[in-house]
Amino acid sequence: SARVSSGPWLSLSWRRGFTPRKYFSIDRVFRNEVMDATHLCEFHQIEGMVIDKNLSLGNMIGLFSEFFAKIGITNLKFKPAYNPYTEPSMEIFGYHPLLKKWVEIGNSGIFRPEMLEPMGLPSDVRVLAWGLSTERPTMILYGISNIRDLVGHKVDLEMIKHNPLCRLDKAQ
């Protein structure tokens with residue numbers, strides 16, 4: 001979610017003037033969750049930030065629409081959410097046809113101005129921040145109904161051997 005450990009990235013100083021920046025990481029995350037078909041206690045998360053002038057909610061929705069389209073997920077829904085450090089904030093859902101329901105695949109937001117003010121950034125600078133699941137989009141993409149079939153000691157190794165790697169091919 002956008003309440004992730006993105007804070008340290010923002011501690012970078014802009015001593016020589018502002019320049020737009022982008023930061024991305026893929027991390028393993030732990031949450032005290034009850035495990036079920038769409039929840040694990042440990043999972044992988046793509047964290048990111050885009051820092052630039054005059055960014056908006058529309059930029060954020062466009063970013064996620066393009067990102068997920070590149071991996072084959074186009075049936076998305078965006079829902080307002082609360083995150084303590086961002087406003088506006090939104091959850092991202094992808095439709096899982098096998099489960100016949102919308103599954104949360106990410107959380108995001110634009111950092112609140114009072115978060116950026118102590119860093120001396122220009123007032124028109126905005127920071128888009130997010131945390132995206134990797135396992136849930138994989139479930140949607142490959143028609144997997146139980147997230148526990150992707151990780152752990154019960155994974156079907158034959159399924160792993162016979163499914164191709166997911167590639168983000170450049171447009172021709």
Student check: side-chain heavy atoms of [X] and [Y] closer than 4.5 Å:
| X | Y | answer |
| --- | --- | --- |
| Phe67 | Trp130 | no |
| Thr74 | Phe68 | no |
| Ile105 | Leu132 | no |
| Val103 | Phe93 | no |
| Glu47 | Tyr23 | no |
| Val50 | Val127 | no |
| Ile51 | Val125 | yes |
| Thr86 | Ile110 | no |

*For Glu114, does the CD atom sit with more than 12 other heavy atoms under 6.0 Å from it, leaving out its own atoms?*
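Counting other residues, nucleotides and ligands, CD of Glu114 exceeds 12 neighbours.
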_Nearest atoms (heavy-atom pairs only) where Leu128 meets Ser56_ =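 Looking at all heavy atoms of both residues, the shortest contact is CD2-O, 4.1 Å.
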*asked:* Could you report the tightest heavy-atom contact between Ala129 and Met60, atom names first, then the distance?
replied: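 Reported closest heavy-atom pair: O-SD, 4.4 Å.
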How long is the straight-line distance from [atom2] of [Y] back to [atom1] of [X], given to the nearest 0.5 Å?
| X | Y | atom1 | atom2 | value |
| --- | --- | --- | --- | --- |
| Ile61 | Glu66 | CD1 | CD | 14.0 Å |
| Lys53 | Thr19 | NZ | OG1 | 10.5 Å |
| Glu135 | Gln45 | CD | CD | 10.0 Å |
| Asp124 | Phe18 | CG | CZ | 8.0 Å |
| Lys70 | Ser65 | NZ | OG | 12.5 Å |
| Phe64 | Ile92 | CZ | CD1 | 4.0 Å |

*salt bridge (charged side-chain N to carboxylate O under 4.0 Å, His left out) against Glu91, all qualifying residues, sequence neighbours excluded*: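 For Glu91, the residues satisfying salt bridge (charged side-chain N to carboxylate O under 4.0 Å, His left out) (neighbours in sequence not counted) are Lys79.
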*Main-chain N/O of Ser123 paired with Arg126 side-chain donor or acceptor, under 3.5 Å*: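 Yes, the answer is positive, given that a donor and an acceptor are paired below the 3.5 Å cut-off.
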_N/O donor-acceptor pair under 3.5 Å between Ser108 side chain and Met90 backbone_ =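 Present.
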*Give a yes or no on whether Met49 and Met119 share a hydrophobic cluster (residues Ile, Leu, Val, Met, Phe, Trp, Tyr; joining criterion: side-chain heavy atoms under 4.5 Å apart).*
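Yes, Met49 and Met119 fall within the same hydrophobic cluster.
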*Taking the inter-plane angle between the rings of Tyr95 and Trp102 on a 0 to 90° scale, is it parallel (under 30°), tilted (30 to 60°) or perpendicular (over 60°)?*
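Rings of Tyr95 and Trp102: perpendicular, over 60°.
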_Partners meeting side chain to side chain donor-acceptor pair (under 3.5 Å) with Asp52 (sequence neighbours left out)_ =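 Testing Asp52 for side chain to side chain donor-acceptor pair (under 3.5 Å), a comparison that skips the adjacent residues, returns none.
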